[in-house]
Amino acid sequence: MIIATYNINSINRRLPLLLQWLEQRKPDIVCLQELKVNQSSFPEEPLKAAGYNAIWKGQQTWNGVAILARNREIQELRTTLPGEEDDSQSRYIEAIIDQMIIGCIYLPNGNPYPGPKFDYKLRWFERLRKHACFLYEYDVPVILAGDFNVMPTELDVYKPQKYINNALYRPESREAFEEILKQGWTDAVRKLHPSTPEYSFWDYMRNAFARDAGLRLDFFLLSPHIAQRLKKSGVDREIRAAEGSSDHAPVWIEIK
DNA sequence: ATGGCGGTTAGCAACCGA
């Protein structure tokens, strides 16, 4: 079984590439972020024709998250992260698929640091920490997948010294991620590949992809039930290399 | 410091986000 996460940077802009990738990789479950589409303009029909059921939480212009499942039922559990009732940003959606809880995450970028956006990022991290704790203690199979907008270690950044005051690499952000991991979650890709970067994002600027000036921003956090079933993982760089790509590549894991 | 990309608004460029 293959589960993937992909920050798609506008789903309608990227639809042909998305359909091509779905056809090639054939993931069973996909978490998408940065849909950049309002709730009524999500391309439900083309995805249905490709064999994928979908749930989504859209938003005009920014953010937006979705979960796709191939030939499977999706039972939506929630479309917001608890803790801030007036939060209008679409950054979380959660479902039950095949008796697993799948949480799709688009964590705030938080730049510039310091400032209100960084404060919002840290508040969001704290809300996620609490909700992750709740899910973990539920003692059911859980996968939290998505763009966490953080590089937890030096290995996850092509040039760490450039990012000292970047919201994605600030100690506060890295510590917040570590706090969640410490609950007992497994960082699936790092577990399988402890010493290679496994970047998932390359800036559009300055020829970053060709230089492999990348960041690892997209993660799978696995509860113990799922972690023991983990087989392999990969980053689909050829999709990032394609004409008109997102600035992220799809990342996937295979579980037994 | 610069700069690339997508989306939106107000219109054919300027901004915002990241």
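None of these values were measured; they are calculated from a predicted model. Order of the sequence lines sets the chain letters (A, B, ...), proteins ahead of strands, with each chain counted from 1.
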Examine A/R240 relative to A/F209 and say whether NZ or CZ is less than 6.0 Å from the centre of the six-membered ring and inside a 45° cone about the ring axis. yes
Can you tell me if the side-chain N/O atoms of A/Q60 get under 4.0 Å from OP1 or OP2 in B/dG7? no
If the P atom of B/dT9 is compared with that of B/dG4, how far apart are they to the nearest Å? 25 Å
On DNA chain B, does the nearest nucleotide to A/Y106 precede the nearest nucleotide to A/S10 from the 5' side, or the other way round? Give the residue. A/S10
Span that lies between the C1' atom of B/dA18 and that of B/dT8, in whole angstrom: 16 Å
How long is the line joining CZ of A/R13 and P of B/dG17, in whole Å? 20 Å
Taking the same atom, C1', in B/dC12 and in B/dG7, what whole-Å distance lies between them? 16 Å
In whole angstroms, how far is the P atom of B/dA18 from the CG atom of A/L217? 13 Å
Which of A/I67, A/D98, A/I143, A/I74 passes side-chain contact (heavy atoms from CB on, under 4.5 Å) with A/I29? It is A/I67
Cationic N near anionic O, under 4.0 Å, A/E179 to A/K182: yes
Within the pair A/R206 and B/dG3, is there a side-chain N or O less than 4.0 Å away from OP1 or OP2? no
Base, sugar-phosphate, or nothing for A/E34, non-hydrogen atoms under 4.0 angstrom? nothing
A/N63, nearest nucleotide to its side chain (from B/dG4, B/dG7, B/dA18): B/dA18
Write down the distance between CD1 (A/I11) and C1' (B/dG7), rounded to a whole number of angstrom. 15 Å
May I have the distance from A/N38 (atom CG) to B/dT9 (atom P), rounded to whole angstrom? 11 Å
With C1' as the reference atom in both, quote the distance from B/dC16 to B/dG3 in angstrom, rounded to an integer. 15 Å
Rounded distance in Å between the P positions of B/dA10 and B/dA14: 16 Å
What is the distance from CZ of A/R211 to C1' of B/dG3, rounded to the nearest Å? 12 Å
Whole-Å gap separating P (B/dG7) and CG (A/N9): 7 Å
Would you mind classifying the nucleic acid contact of A/N111 as base, sugar-phosphate or nothing, using non-hydrogen atoms under 4.0 angstrom? nothing
Which whole-number value in Å describes the distance from A/W62 CH2 to B/dC15 C1'? 9 Å
Gap between atoms CD and C1', on A/Q59 and B/dG17 respectively (whole Å): 11 Å
Does A/R211 pair with A/D203 as a salt bridge, N-O distance under 4.0 Å? no
Picking from B/dA18, B/dG7, B/dG4, the nucleotide nearest the side-chain atoms of A/M205 would be B/dG4
By nearest heavy atom, map A/F201 and A/N12 onto DNA chain B; which one lands nearer the 5' end? A/N12
Does the Lys NZ or Arg CZ of A/R216 fall within the cation-pi geometry relative to A/Y199 - under 6.0 Å from the ring centre and within 45° of the axis? no
Lys/Arg-Asp/Glu bridge criterion (N-O < 4.0 Å) met for A/D156, A/R190: yes
Gap in Å between the two P atoms, one belonging to B/dG11 and one to B/dC15, rounded: 12 Å
